[in-house]
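Letters go in sequence order (proteins before strands), and every chain restarts at 1.
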Number of protein chains: 2
Amino acid sequence: MNVDETAPQKGTVTQRAIERIKAMIAEGRLEPGQRLPTERDLAVQLGISRSSMREAIRALTVLGVLEARHGSGIYVTQLEAGDLLETFGVVADLSRGPRLVELLEVRRILESTATALAAARITPDQLAEVEKHLTAMNATDDPEEILAHDLAFHREIAAAAGNETMAAILEGLSSRTFRARVWRGYQEEGAFARTRREHAAIHRALVAHDPEAARAAAAAHVGEVEEWLRAQLGG
Amino acid sequence: MNVDETAPQKGTVTQRAIERIKAMIAEGRLEPGQRLPTERDLAVQLGISRSSMREAIRALTVLGVLEARHGSGIYVTQLEAGDLLETFGVVADLSRGPRLVELLEVRRILESTATALAAARITPDQLAEVEKHLTAMNATDDPEEILAHDLAFHREIAAAAGNETMAAILEGLSSRTFRARVWRGYQEEGAFARTRREHAAIHRALVAHDPEAARAAAAAHVGEVEEWLRAQLGG
DNA sequence: GCGACTGTATTGGTCGGACCACCTCGCTGG
DNA sequence: CCAGCGAGGTGGTCCGACCAATACAGTCGC
């Protein structure tokens with residue numbers, strides 16, 4: 001009896017609106033950077049209220065697919081790795097216990113590969129940037145500053161690997177709050193010296209353009225934290 | 001003049017609400033599985049309207065952090081890898097061009113490692129499950145069915161690796177629509193036979209509990225698709 | 001003529017209330 | 001004791017109004 005071609009009626013209207021917009025982007029009807037119709041128009045087009053449409057837009061906003069500019073309009077993001085993988089940080093921030101170890105394991109795998117790729121491809125300019133953060137990291141005692149340069153150190157290396165997607169994932173796995181949470185206890189145990197040695201080893205491998213050495217050094221670096229955390233949880 | 005300690009006034013009220021709830025979970029004030037106050041109560045607690053609160057809840061729902069049950073209440077999910085990494089599929093679905101190659105590269109790295117781990121750890125029961133899908137995959141000509149068993153084949157292997165987080169990421173990287181999009185063209189070029197050989201090689205390595213062979217076979221398997229896609233884009 | 005300014009229309013952000021759909025659970029009656 | 005029912009609670013949807021930031025055109029002053 002219901003021959004209405006526009007109403008399959010599955011799930012909430014908001015959920016359907018999210019899928020519709022996602023589909024429009026996937027099919028290429030909405031290009032990156034393009035501006036969408038206004039919330040009011042979109043609501044009319046999809047036959048739903050503005051409230052529901054706003055929920056759908058908000059959902060796609062937090063996913064990094066859309067971007068709302070107050071007073072201007074709603075735009076499709078560039079759909080680059082960084083935009084879409086920002087939510088990866090949420091995973092890292094909310095994970096606890098055994099899952100933290102699993103996340104570090106994933107990071108070890110990706111970071112070691114990224115560092116190996118970087119060793120083969122890194123340019124002098126990129127290497128100079130890496131060295132800048134390495135030097136700054138060793139020149140201060142402020143934990144906050146150390147952490148910041150530590151993050152930048154690895155970020156530059158990931159960028160030099162030439163895979164933006166991988167770099168974005170690693171960025172999420174190394175989110176500020178995540179590292180701060182895990183590293184606080186780790187560094188308190190006097191791991192500064194060891195960390196410096198490991199960073200120096202990674203740097204040497206990059207300078208020598210030696211992928212295998214870089215892979216091993218990076219794996220050992222992350223593995224150290226991984227093992228420490230495993231021991232913490234194991235009791 | 002404004003000495004109100006609860007209003008730093010940065011960003012939209014909805015965004016602040018999202019952060020507040022995330023913080024409550026991160027600090028352990030909200031446990032996995034626990035039920036939240038009602039939307040109306042939460043809105044009052046945070047001093048915002050129900051509309052804004054609903055947007056915040058919707059945002060956390062699509063991120064896999066919260067789950068809303070109509071007529072019952074809002075609950076914190078188990079915060080397991082699967083819940084939180086479901087959004088990873090969105091990334092895969094909306095990525096195009098060079099980013100697809102990058103995603104496959106990430107998958108190759110993780111899948112080869114996961115397969116190597118599985119080779120060392122897989123149990124007879126898990127191996128039987130893998131074989132079931134391998135057999136079913138080779139016994140039909142229906143592309144849909146082949147794809148389904150192909151996905152299940154790799155899913156079982158990822159599960160046997162013992163790292164749920166890695167399995168969840170691989171699940172996202174192999175989402176149905178993603179594989180369907182990429183594999184359609186690939187399989188049209190008569191790659192069935194090669195795919196079968198590669199699956200057989202992976203299976204042999206699992207049976208032999210040979211991690212290195214498993215790693216190589218899996219890397220080659222994903223690498224084949226990766227190279228094909230690279231050629232498609234480059235030429 | 002040209003740039004800075006202003007004011008107005010547009011657009012996202014917030015709010016409050018109303019009603020609907022679904023679930024839960026206690027009450028009722030057999 | 002249990003099946004069935006009904007009221008209350010809760011999320012889902014809709015509406016209309018107003019606020020706040022932006023964009024743009026028209027205006028003013030130099």
Side-chain angles (χ1 to χ4, degrees), chain A residues 1-2 4 6-22 24-25 30 32-77 83, chain B residues 1-2 4 6-22 24-25 30 32-77 83:
Chain A
M1 37 207 77
N2 183 354
D4 191 337
T6 67
Q9 288 288 18
K10 53 179 176 183
T12 70
V13 291
T14 301
Q15 198 61 40
R16 266 180 287 158
I18 294 174
E19 297 301 330
R20 290 278 296 269
I21 297 177
K22 264 173 52 182
M24 280 193 273
I25 295 174
L30 287 177
Q34 183 177 341
R35 187 188 148 172
L36 276 69
T38 70
E39 294 180 345
R40 295 164 174 88
D41 289 346
L42 272 175
V44 172
Q45 283 182 29
L46 300 193
I48 66 179
S49 73
R50 193 186 162 205
S51 311
S52 301
M53 176 55 69
R54 274 190 60 79
E55 284 188 30
I57 292 170
R58 171 71 62 179
L60 291 170
T61 296
V62 300
L63 290 179
V65 176
L66 299 181
E67 179 192 2
R69 301 179 204 160
H70 193 166
S72 175
I74 306 162
Y75 301 80
V76 181
T77 67
D83 301 325
Chain B
M1 40 207 77
N2 183 354
D4 190 335
T6 67
Q9 287 288 19
K10 54 179 176 182
T12 68
V13 292
T14 302
Q15 198 60 40
R16 265 180 288 158
I18 294 174
E19 298 301 330
R20 289 280 294 271
I21 297 178
K22 265 173 51 182
M24 279 195 272
I25 296 175
L30 286 177
Q34 183 177 343
R35 186 189 148 172
L36 277 68
T38 71
E39 295 180 345
R40 294 164 175 86
D41 289 346
L42 273 175
V44 172
Q45 283 183 29
L46 300 193
I48 65 180
S49 71
R50 193 187 162 203
S51 310
S52 301
M53 177 54 70
R54 273 191 61 77
E55 284 187 29
I57 292 170
R58 171 70 64 179
L60 291 170
T61 296
V62 301
L63 289 179
V65 176
L66 298 182
E67 179 191 3
R69 300 181 203 159
H70 192 168
S72 175
I74 306 163
Y75 301 80
V76 182
T77 67
D83 301 324

Inset, instruction - Answer yes or no: is there a side-chain heavy-atom contact under 4.5 Å between A:I74 and A:E39? - result: yes

Inset, instruction - Tell me whether the OP1 or OP2 atom of C:dT11 has a side-chain N or O from A:R35 closer than 4.0 Å. - result: yes

Legend entry - CG-CG distance between B:D41 and B:L36, expressed to the nearest 0.5 angstrom: 11.0 Å

Inset, instruction - Give the rounded distance in Å between these two atoms: CD1 of A:I48 and C1' of D:dG12. - result: 12 Å

Legend entry - Flag side-chain contact, heavy atom, 4.5 Å: B:L42 against B:I48: no

Inset, instruction - Would you mind reading off the distance between A:R16 atom CZ and D:dG12 atom P, rounded to a whole angstrom? - result: 13 Å

Inset, instruction - Using a 4.5 Å cut-off on heavy atoms from C-beta on, say whether the side chain of B:T77 contacts that of B:L66. - result: no

Legend entry - Distance, nearest 0.5 Å, that separates OG1 of B:T14 from CZ of B:R54: 12.0 Å

Inset, instruction - Mind calculating the distance between CD (A:Q15) and P (D:dG11) to the nearest angstrom? - result: 17 Å

Inset, instruction - Measure from CE on B:M53 to C1' on C:dG13 and round the result to the nearest Å. - result: 15 Å

Legend entry - Options C:dG13, D:dT13, D:dC14, nucleotide nearest the side-chain atoms of B:R50: D:dT13

Inset, instruction - Rounded off to whole Å, could you give me the CG-to-P distance for the A:D41 and C:dT11 pair? - result: 7 Å

Inset, instruction - Using a 4.5 Å cut-off on heavy atoms from C-beta on, say whether the side chain of A:R58 contacts that of B:T12. - result: yes

Legend entry - Short side-chain N/O contact to D:dT13 OP1/OP2 from A:T14, under 4.0 Å: yes

Give every pair of a protein N or O atom and an N or O atom of nucleotides 4-7 of chain D that lie under 3.5 Å apart, one pair per line with the distance.
none

Inset, instruction - Rounded to the nearest angstrom, tell me the gap between atom CZ in B:R54 and atom C1' in C:dC15. - result: 15 Å

Inset, instruction - Go through the N and O atoms of the side chain of B:R40 and the base of C:dG17, and report whether any donor-acceptor pair is under 3.5 Å. - result: no

Inset, instruction - Can you sort out which residues in residues 60-77 of chain B have a heavy atom within less than 4.0 Å of DNA chain D? Ascending by number, please. - result: B:A68, B:R69, B:H70, B:G71, B:S72, B:G73, B:I74

Inset, instruction - Could you state the atom-to-atom distance from CD1 of B:I18 to P of C:dT14 in whole Å? - result: 10 Å

Inset, instruction - Could you tell me whether A:E19 and A:R16 make a salt bridge, using a distance below 4.0 angstrom between a side-chain N and a carboxylate O? - result: no

Inset, instruction - Would you indicate whether the side-chain heavy atoms of A:M24 and A:I21 approach each other to under 4.5 Å? - result: yes

Inset, instruction - Would you mind telling me which of D:dC15, C:dG16, C:dT14 lies closest to the side-chain atoms of B:S51? - result: C:dG16

Legend entry - Set of residues satisfying side chain to side chain donor-acceptor pair (under 3.5 Å) with respect to A:S52, sequence neighbours excluded: A:S49

Inset, instruction - Please tell me which of the listed nucleotides, D:dT10, C:dT14, D:dT13, lies nearest to the side chain of B:T38? - result: D:dT10

Inset, instruction - Using atom CG of A:L36 as one end and atom P of C:dT11 as the other, report the distance to the nearest whole Å. - result: 13 Å

Inset, instruction - Please tell me which of the listed nucleotides, C:dG13, D:dT10, D:dT13, lies nearest to the side chain of A:E39? - result: C:dG13

Legend entry - Side chains of B:L46 and B:M53 in contact at under 4.5 Å (non-hydrogen atoms): yes

